[in-house]
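Only one structure is covered here, and it is reproduced in the block below.
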Amino acid sequence: MLEIQELRQNADGVIEGLKKRHFDAQPIITELLGLDEQWRSRKTELEGISAQMNQISKEIGILFKEGKAEEANAAKAKTVELKELEAKLKSEVEELDEKILQLMYQLPNVPNELVKAGKSEADNEIVSEGGDQREYGFEPLPHWDLAAKYDLIDFELGVKITGAGFPIYKGKGAKLQRALIAYFLDKAEEAGYQEHIPPHVVNEASGYGTGQLPDKEGQMYHCTVDNLYLIPTAEVPLTNIYRDVILPNEDFSIKITGYTPCFRREAGSYGKDVRGLNRLHQFDKVEIVRIEHPNNTAKALDEMVEHVRGLLQELGLQYRVLRLCGGDTGFASAMTYDFEVFSAAQEKWLEVSSVSRFDTFQSNRLKLRFKNADKKTQLCHTLNGSALALPRIVAALMENYQTEDGILIPAVLQKYTGFDKIS
RNA sequence: GGAGAGGUGUCCGAGUGGUUGAAGGAGCACGCCUGGAAAGUGUGUAUACUGGGAAACUGGUAUCGAGGGUUCGAAUCCCUCUCUCUCCGCCA
């Protein structure tokens with residue numbers, strides 16, 4: 001959520017910035033500022049009345065203490081009218097509050113200055129590329145065929161147990177998952193991220209904290225009996241660790257990581273790119289999360305991008321890094337880098353990581369702050385990224401490392417898998 | 001799941017209707033004291049919104065788990081929810 005102060009002081013800047021998303025904020029912000037002005041005047045009025053009420057109550061207390069019951073009762077009569085007025089103003093203020101909040105929820109984050117305007121993924125900028133395209137010398141199989149051929153992943157069995165999008169990994173397929181998770185976590189730890197194993201279900205407050213609620217409710221599985229949500233990403237529990245936290249000084253840099261399964265309903269996305277591992281309802285991911293002083297955000301983002309790049313390089317995958325254009329950048333993000341690996345067998349790029357800076361957009365909701373040099377509280381910046389999401393990495397590894405008689409395991413993973421080839 | 005006890009500031013802990021944003025203590029910060037330190041001593045020590053002020057600062061409002069209610073007035077009384085602890089039951 002944007003900061004209302006920012007809108008008051010720099011409405012034009014926000015409107016201009018949001019144009020890069022092809023988002024016309026003008027009408028919302030105009031309405032918002034009007035409501036805000038009303039809100040402030042009502043609020044001032046209300047507080048004046050409350051002050052009077054408090055004063056009278058105090059006096060009544062003193063009168064009773066002095067035994068002047070009659071005067072006290074007379075004073076009580078004065079409050080009747082004030083009380084009515086107070087109630088009326090209070091409900092008006094609350095109503096305005098709610099309207100303002102609903103409008104605030106509709107405004108996405110303002111893109112960073114480096115972000116180019118654009119409508120869709122077609123406008124994303126490729127900022128770097130690495131790795132070589134694989135030459136096969138035979139007709140490569142897509143991963144779903146390889147999964148069947150070597151009995152690594154059983155999609156149909158998953159359908160029987162749960163439904164589409166919940167595959168069952170078997171044998172070396174399962175071991176490969178475990179190896180990747182361990183490898184990613186070890187690399188994150190090496191880079192200074194502290195490992196956490198968070199809950200895989202979260203409460204409503206956490207959903208609001210990172211912005212999944214109220215809007216993206218349909219994306220999450222909801223356990224209605226207990227009103228808990230299955231996490232769509234570790235970002236939710238990991239970032240919410242710092243909900244309602246005020247860090248004591250400005251000397252901080254928090255780096256945490258965690259592996260979790262992720263659950264996404266993906267409602268309405270059937271039929272497109274859903275084959276095999278490309279889009280699942282449950283998948284594994286190692287996430288990295290940072291909480292930074294605003295001065296350090298740009299550097300932190302670069303470090304995260306380099307971290308992910310390092311993983312893809314070690315895995316020997318052909319990849320490219322995209323800086324998303326305004327229109328493709330997530331609602332809460334100020335700037336996002338996507339990582340894609342090339343699948344020669346599917347002849348397309350697969351998104352395997354997304355690294356974003358949110359600046360104060362999340363921390364405003366989370367009430368995550370620090371004490372600055374002036375002893376004032378100030379919002380922290382949050383960042384997060386996948387390092388990495390497993391399914392498409394698995395798909396790319398299987399496809400790119402296939403030979404005619406098996407699938408090779410990249411050198412960095414062999415100590416985790418215990419085998420160097422699947423055949 | 002059943003029964004009971006509780007949730008007060010950074011922490012401990014008072015407080016059962018009235019100048020209580022909240023005693024007291026600890027911790028922390030700054031000052032005094034000291035050759036230096038300890039001890040001692042003084043002051044300060046929540047968050048948000050809003051008004052005034054260039055700022056230091058200052059007026060107001062709200063906040064004692066959350067939300068409602070009673071009352072001129074609620075940390076204190078009533079209701080709902082939630083969390084923690086103890087006992088019983090169940091159980092990996």
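Chain letters run A, B, ... following the sequence lines, proteins first and then strands; every chain starts at 1.
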For this session: Pick base, sugar-phosphate or nothing for Ser57(A), based on heavy-atom distances below 4.0 Å to the nucleic acid.
Result: base

Problem set entry | Ser253(A) vs His293(A) side-chain heavy atoms within contact, under 4.5 Å | no

For this session: Tell me which nucleotide among A56(B), U50(B), C72(B) gets nearest to the side chain of Lys376(A).
Result: A56(B)

Exercise. How long is the line joining CG of Leu63(A) and P of C72(B), in whole Å?
Worked result: 15 Å

Exercise. For G59(B), which nucleotide in any strand shown is its Watson-Crick or wobble partner with both distances under 3.5 Å?
Worked result: U50(B)

Problem set entry | Most 5' of Lys58(A) and Gly48(A) on RNA chain B, judged by nearest nucleotide | Lys58(A)

Exercise. Is Asn54(A) touching bases, backbone alone, or none of the nucleic acid, heavy atoms closer than 4.0 Å?
Worked result: sugar-phosphate

Exercise. With rounding to whole Å, what would you report as the distance between C77(B) and U70(B) at their C1' atoms?
Worked result: 8 Å

For this session: Assign Ile246(A) to base, sugar-phosphate, or nothing according to its heavy-atom contacts below 4.0 angstrom with the strands shown.
Result: sugar-phosphate

Exercise. When rounded to the nearest Å, what value does the distance between P atoms of A75(B) and G1(B) take?
Worked result: 33 Å

For this session: Sticking with atom P, work out how far C78(B) lies from C90(B), rounded to a whole angstrom.
Result: 35 Å

Problem set entry | Closest nucleotide among U71(B), G18(B), U50(B) to the Lys83(A) side chain | U71(B)

For this session: Kindly point out which of U61(B), A48(B), C72(B) is positioned nearest to the side chain of Lys76(A)?
Result: C72(B)

Problem set entry | Atom CD of Glu66(A) with >12 non-hydrogen neighbours under 6.0 angstrom | yes

Exercise. If we only count heavy atoms from C-beta on, is the Thr233(A) to Thr210(A) side-chain gap below 4.5 Å?
Worked result: no

Seminar exercise, completed: Of Ile62(A) and Ile4(A), the one whose closest nucleotide on RNA chain B sits nearer the 5' end is Ile62(A)

Problem set entry | Integer angstrom distance from the C1' of C87(B) to that of G13(B) | 27 Å

For this session: Please tell me which of the listed nucleotides, G18(B), U61(B), C49(B), lies nearest to the side chain of Ala51(A)?
Result: U61(B)

Problem set entry | Rounded distance in Å between the C1' positions of U45(B) and C33(B) | 22 Å

For this session: Go through A48(B), G60(B), C72(B) for me and flag the one nearest to the Glu47(A) side chain.
Result: G60(B)

For this session: Rounded off to whole Å, could you give me the CD-to-P distance for the Gln52(A) and G59(B) pair?
Result: 19 Å

Exercise. Roughly, in whole Å, what's the span from CD in Gln55(A) to C1' in G18(B)?
Worked result: 13 Å

Exercise. For C90(B), what is the paired nucleotide under Watson-Crick or G-U wobble rules, both distances under 3.5 Å?
Worked result: none

For this session: Take atom P in G69(B) and the same atom in A74(B), then report the distance between them in whole Å.
Result: 12 Å

Exercise. If you take all heavy atoms of Leu277(A) and Arg392(A), which pair is closest and at what distance?
Worked result: O-CG, 4.3 Å

For this session: Please tell me which of the listed nucleotides, C72(B), A48(B), U50(B), lies nearest to the side chain of Arg40(A)?
Result: U50(B)

For this session: Return the value, rounded to whole Å, for the distance between atom NZ of Lys375(A) and atom C1' of A56(B).
Result: 16 Å

Problem set entry | Separation of the P atoms in C11(B) and G89(B), to the nearest angstrom | 36 Å

Exercise. Between atom CG of Leu32(A) and atom CH2 of Trp39(A), what is the distance when rounded to the nearest 0.5 Å?
Worked result: 12.0 Å

Problem set entry | Atom pair distance, as rounded to whole Å: CG in Leu379(A) and P in A48(B) | 9 Å

Problem set entry | Nucleotide forming a Watson-Crick or wobble pair with U84(B), both distances under 3.5 Å | A5(B)

Problem set entry | Spacing between Lys367(A) atom NZ and A48(B) atom C1', to the nearest angstrom | 9 Å

For this session: Give a yes/no on whether any side-chain N or O of Arg42(A) is located under 4.0 angstrom from OP1 or OP2 of U61(B).
Result: no

For this session: Compare every heavy atom of Val115(A) with every heavy atom of Ala334(A), then report the nearest pair and how far apart it is.
Result: O-CG2, 3.5 Å

For this session: Give none if U43(B) has no partner; otherwise give the nucleotide forming a Watson-Crick or G-U wobble pair with it, both distances under 3.5 Å.
Result: A29(B)

Problem set entry | Watson-Crick/G-U partner (both atom distances under 3.5 Å) of C64(B) | none

Problem set entry | Between C1' of A48(B) and CD1 of Ile100(A), the distance in whole Å | 15 Å

For this session: Indicate, with a heavy-atom threshold strictly under 4.0 Å, whether Ile60(A) touches base, sugar-phosphate, or nothing.
Result: base

Exercise. With both distances under 3.5 Å as the test, what is the Watson-Crick or G-U wobble partner of U19(B)?
Worked result: none

Exercise. Charged N to carboxylate O under 4.0 angstrom, Glu16(A) versus Lys19(A)?
Worked result: yes

Exercise. Base, sugar-phosphate, or nothing for Gln5(A), non-hydrogen atoms under 4.0 angstrom?
Worked result: sugar-phosphate

For this session: Output yes when Asp151(A) and Lys170(A) qualify as a salt bridge under the 4.0 Å nitrogen-oxygen rule, no when they do not.
Result: yes

Problem set entry | Integer angstrom distance from the P of G65(B) to that of C57(B) | 30 Å

Seminar exercise, completed: Atom CD of Glu86(A) and atom P of U71(B) are separated, to the nearest Å, by 14 Å

